[in-house]
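These notes are about the structure you will find just below.
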Amino acid sequence: MKNILAWLISLIMLIPLVLIIVNAFKSDAEALTLTLSLPKEWTFSNFVTVIEKGKLLQSFLNSLLYAGCATIIVVLFGSMAAYIFSRRRDRTGNAAYMYMVLGIVIPINYVALMKVMQVTHLNNSVPGIILLYTATQLPFTVFLLYGFVSKIPVDLDEAAVIDGCGPVRLFFGIIFPMMRSSIVTAAVLCFLNTWNEFVMPLYFLNSSEKWPMTLAVYNFFGQYEKSWNLICADILLTCLPVIIMYLSCQKYIVGGQTEGAVKG
């Protein structure tokens, strides 16, 4: 009974996705009704029109740059911070960890943040939006990786130090490879969240040439609000990179157990 209920809920949640996929291949007149019926004639030119008129190629490269750089920075520094916090569980370390994790629940003050971005001359700049993405995703990444790295025995650290490992070699040669599944999970979540971010680029990127795909879709919807086939094709192209990344990393995400890269 539980399996049947789970399948029903899954099918209901897939309806919007199926609706977008089906209508992305319909003609302009046929897509006005927004039904789940298959198109009478499959129109693949919708995607060409969207890429040309919606400037999706430039916005795709922008989103890939922002999300990719932010993910690399967050995973690198988040894993190091989580390792330090998990090993130094004194009063100072716990206070620093709680201060970091508070970033998950504390709301963002966009007025004060705008002032900071203007003073530092990072407003409407590529480094500025990457740093904003990094700052917003780092607390949850540290929180996520902290639970994984805490399960790695401290005896491994002691044995590595006895064998002559320095701090850098200890972390990147032994600890980091053992966190592979958790690292991939954190990377996928960070990439997904930054790729789908809408508010921050809307506030802090004034130039349309620097817009990510989310703002490109928003702008495209304003111009072609009656052409649902083009809008669905635009949304589908925007979601496709995240879906591909998730499916390619799924084998590392499922399971969630830490694996040792160094044996013996």
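Every value quoted in this text rests on a predicted model; they were computed, and no experiment measured them. Heavy-atom basis, side chains included; hydrogens, waters and symmetry copies ignored.
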Are [X] and [Y] in one and the same hydrophobic cluster, where Ile, Leu, Val, Met, Phe, Trp and Tyr link if side-chain heavy atoms are under 4.5 Å apart?
| X | Y | answer |
| --- | --- | --- |
| Val168 | Phe171 | yes |
| Leu14 | Ile9 | no |
| Leu131 | Ile72 | no |
| Leu57 | Leu64 | no |
| Met114 | Phe198 | yes |

Please report the shortest heavy-atom distance between [X] and [Y], naming the atom on each side.
| X | Y | answer |
| --- | --- | --- |
| Ser37 | Val22 | O-CG1, 2.9 Å |
| Glu30 | Lys40 | OE2-N, 3.0 Å |
| Ala67 | Thr194 | CB-OG1, 3.4 Å |
| Val149 | Ala82 | CG1-O, 3.5 Å |
| Phe148 | Leu144 | CD1-O, 3.2 Å |
| Trp228 | Ala31 | CB-O, 3.6 Å |

Could you walk me through whether Tyr110 and Val199 pass the side chain to side chain contact (heavy atoms under 4.5 Å, CB included) test, one step at a time? CA-CA 10 Å; Tyr110 285 98; Val199 177; 3.7 Å; yes
Going through the checks in order, is the side chain to side chain contact (heavy atoms under 4.5 Å, CB included) test met by Asp234 and Leu230? CA-CA 6 Å; Asp234 197 2; Leu230 299 181; over 6 Å; no
Close side-chain approach of [X] and [Y], heavy atoms under 4.5 Å:
| X | Y | value |
| --- | --- | --- |
| Asn193 | Phe140 | no |
| Leu76 | Phe172 | yes |
| Leu156 | Pro153 | yes |
| Phe85 | Met98 | no |
| Asp157 | Tyr83 | yes |
| Asn23 | Asn229 | no |
| Cys165 | Ile174 | yes |
| Pro139 | Val101 | no |

Pairing donors with acceptors under 3.5 angstrom, does anything connect the side chains of [X] and [Y]?
| X | Y | result |
| --- | --- | --- |
| Thr35 | Lys26 | yes |
| Asn62 | Gln58 | yes |
| Ser150 | Arg89 | yes |

Return the [atom1] to [atom2] distance between [X] and [Y], rounded to the nearest 0.5 Å.
| X | Y | atom1 | atom2 | value |
| --- | --- | --- | --- | --- |
| Phe176 | Ser182 | CZ | OG | 8.5 Å |
| Asp163 | Arg169 | CG | CZ | 8.5 Å |
| Gln137 | Phe191 | CD | CZ | 12.0 Å |
| Thr214 | Asn196 | OG1 | CG | 7.5 Å |

Are more than 12 heavy atoms, taken from residues, nucleotides or ligands other than [X], located less than 6.0 Å from that residue's [atom1] atom?
| X | atom1 | answer |
| --- | --- | --- |
| Phe77 | CZ | no |
| Arg87 | CZ | yes |
| Leu36 | CG | yes |

Partner of Val217 by side-chain contact (heavy atoms from CB on, under 4.5 Å), out of Leu237, Ile231, Thr238: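 The single option meeting the side-chain contact (heavy atoms from CB on, under 4.5 Å) with Val217 is Thr238.
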As a test of understanding, state which of Tyr218, Tyr133, Tyr66 forms a side-chain contact (heavy atoms from CB on, under 4.5 Å) with Pro201.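 Checked Tyr218, Tyr133, Tyr66 against Pro201; only one passes side-chain contact (heavy atoms from CB on, under 4.5 Å): Tyr133.
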Is there a donor-acceptor pair closer than 3.5 Å between any side-chain N or O of [X] and the backbone N or O of [Y]?
| X | Y | answer |
| --- | --- | --- |
| Glu197 | Met200 | yes |
| Ser63 | Met213 | yes |
| Thr141 | Gly78 | no |
| Ser125 | Gly128 | yes |

Rest of the hydrophobic cluster containing Ile162 (Ile/Leu/Val/Met/Phe/Trp/Tyr, side-chain heavy atoms under 4.5 Å)?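 The other cluster members (ILVMFWY side chains, heavy atoms under 4.5 Å, direct or chained): none.
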Taking ILVMFWY side chains as joined if any heavy atoms are under 4.5 angstrom apart, and letting links pass through other members, which residues group with Val116?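 Val116 clusters with nothing; isolated.
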Run the side chain to side chain contact (heavy atoms under 4.5 Å, CB included) check on Met117 and Asn124 step by step: do they pass? CA-CA 9 Å; Met117 296 294 287; Asn124 194 32; over 6 Å; no
Using the benzene-type ring in the case of Trp, are the ring centres of Tyr97 and Phe143 under 6.0 Å apart?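 For Tyr97 and Phe143, the ring centres are not under 6.0 Å apart.
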Could you give me the CA-CA distance, side-chain angles and deciding distance for Leu236 and Cys232, then say whether side chain to side chain contact (heavy atoms under 4.5 Å, CB included) is met? CA-CA 6 Å; Leu236 185 60; Cys232 290; over 6 Å; no
